[in-house]
Amino acid sequence: RITYTIVISGLCQAKKADDAHRLFKKMKNSGCSPDFVAYNTLLNGFCKLGRVDEAFALLKSFEKDDFKLGLRGFTSLIDGLFRAKRYDEANAWFRKTFEANVEPDVILYTVMIRGLSEAGKFHDAKKLMDEMNQSGLVPDTYCYNAVIKGFCDAGLLNQARSLQLEILNRDSFPNTCTYTILICGMCRNGLVVEAQQIFNDMEKVGCFPSVVTFNALIDGLCKAGELEKANLLFYKMEIGKNPSL
RNA sequence: GUGUGGCAUUG
């Protein structure tokens, strides 16, 4: 049974939810009854593609087999609803989480914060962050990144930066994504110089730019008309790929 | 003792 679940999980990660579903059926037909891990895995496979209606249909059938939605399942569904831009339903399901006596954790809060920020409901996102802190949960880097991105998208760059510094006080570390988010935010708000500075700073802290980071800054430089600098960066990127040089 | 949930760029 575990072997089935592992393969189902792999198919889901490869975004092959339909194949995963087929294998799931095969698993049942072969006399293996899925457990809650298998159920969660398949639900998440559909949710992360934004195919929430299919996920709900599955959930209904699972519940006939006595499956009870737990924290991870709620998280998947809510994440899926946000991906499908069904914001009201996402909020409703967040409330349902409490009604089911399931305590949200940092991951669920992060999903909510990211979703609300993307919907432009930045104030609601901030409220949730406070709520999370009050309930004693300690935000991790993923969570900070979601909030920082929210600040950036709202054009509140100073607050984004001060939050970046706050991470360190909390015994977490900004990672490559954190810096990419900031670089992108600076560029989009016309602060390309700042973006370059952040780019230079990150290496000093032992955080190395990824392809995504390079792309973000190169794109920003191009859009700001700094083509020479963009070219130089492109060149650096190529060198980085060939340590033998 | 193994399997399930959340981050970044352009397109």
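Keep in mind that the numbers below use all heavy atoms, side chains included, and drop hydrogens, waters and symmetry copies. Letters A, B, ... are given to chains in the order of the sequence lines, protein chains preceding strands, and every chain is numbered from 1.
A donor-acceptor contact under 3.5 Å links the side chain of A:N40 to the base of B:U4. The base of B:U10 has none of its N or O atoms less than 3.5 Å from a complementary donor or acceptor on the side chain of A:N215. For A:T213 against B:A8, no side-chain N or O and base N or O form a donor-acceptor pair under 3.5 Å. Contact of A:S76 with B:G5 (side chain to base): no donor-acceptor pair of N or O atoms is detected under 3.5 Å.
A:L71 comes within 4.0 angstrom of a nucleotide base, judged by non-hydrogen atoms across all strands. The residue A:C12 sits apart from the nucleic acid: no heavy atom pair falls under 4.0 Å. Among the atoms of the strands shown, base atoms are found under 4.0 Å from some heavy atom of A:V106. If you check every strand for non-hydrogen atoms under 4.0 Å, A:T41 touches sugar and phosphate atoms only.
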Quick one: do A:M202 and A:T176 satisfy side-chain contact (heavy atoms from CB on, under 4.5 Å)? Show the steps, please. CA-CA 8 Å; A:M202 64 187 283; A:T176 302; 4.2 Å; yes
Give the intermediate values and the outcome of side-chain hydrogen bond (donor to acceptor under 3.5 Å, both in side chains) for residues A:D79 and A:N44. CA-CA 9 Å; A:D79 184 48; A:N44 184 53; over 6 Å; no
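Between the P atom of B:G5 and the CG atom of A:L49 lies a distance of 13 Å, rounded to the nearest Å. Per the geometry, CD1 belonging to A:I181 stands 7 Å off P belonging to B:U9, to the nearest Å. Taking atom CE of A:M237 as the reference point, atom C1' of B:U9 lies 11 Å away to the nearest angstrom. At whole-Å resolution of the value, CG in A:L163 and C1' in B:A8 are 15 Å apart. Rounded to a whole Å, the CZ atom of A:F173 is 20 Å from the C1' atom of B:A8. In this entry the distance linking CG of A:L217 with C1' of B:U9 reads 10 Å, nearest Å. As a whole-Å value, the separation of A:I183 CD1 from B:A8 P is 15 Å. The CG-P distance, from A:D153 to B:C7, rounds to 15 Å in whole Å.
Closest to the A:K149 side chain, of the nucleotides B:U9, B:G6, B:U4, is B:U9. In this structure, the nucleotide among B:U9, B:G5, B:U4 sitting nearest to the side chain of A:A216 is B:U9. The side chain of A:D35 lies closest to B:G3, out of B:C7, B:G3, B:G5. Considering only side-chain atoms of A:S210, the nucleotide from B:G6, B:U4, B:A8 that sits closest is B:A8. Comparing B:G5, B:G3, B:U9 by their closest approach to the side chain of A:V212 singles out B:U9.
Paired with A:F214 under the rule ring pair (Phe, Tyr, Trp, His ring centres under 6.0 Å), one option of A:Y179, A:F234, A:Y235, A:F199 passes, and it is A:F199.
Distance alone, capped at 3.5 Å, is enough to place a donor-acceptor pair between the A:D35 side chain and the A:A38 backbone. A side-chain donor-acceptor contact under 3.5 Å links A:S76 to the backbone of A:R72. Side chain of A:T141 to main chain of A:F173: a donor-acceptor pair is present (N/O by atom type, distance under 3.5 Å, no hydrogens or angles).
Contact check, A:R114 against B:C7: a side-chain N or O comes under 4.0 Å of OP1 or OP2. OP1 or OP2 of B:U10 has at least one side-chain nitrogen or oxygen of A:R188 nearer than 4.0 Å.
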Could you provide the dot-bracket string of RNA chain B, using ( ) for intrastrand pairs, [ ] for crossing pairs and | for bases paired to another strand, with Watson-Crick or G-U pairs below 3.5 Å? ...........
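Of all the residues in residues 14-31 of chain A, not one reaches under 4.0 Å from RNA chain B with any non-hydrogen atom.
The aromatic rings of A:F67 and A:Y39 are tilted relative to each other, their planes meeting at an angle between 30° and 60°. Taking the six-membered ring for Trp and thresholds of 30 and 60 degrees, A:F24 and A:F62 have ring planes inclined between 30 and 60 degrees apart. Relative orientation of the A:W93 and A:F74 rings is tilted, given thresholds of 30° and 60° on the angle between their planes.
A:F36 is connected to A:V102 through a chain of hydrophobic side-chain contacts under 4.5 Å among Ile, Leu, Val, Met, Phe, Trp and Tyr, so both are in one cluster.
Side-chain contact between A:P34 and A:K28 is present, with heavy atoms from C-beta onward closer than 4.5 Å.
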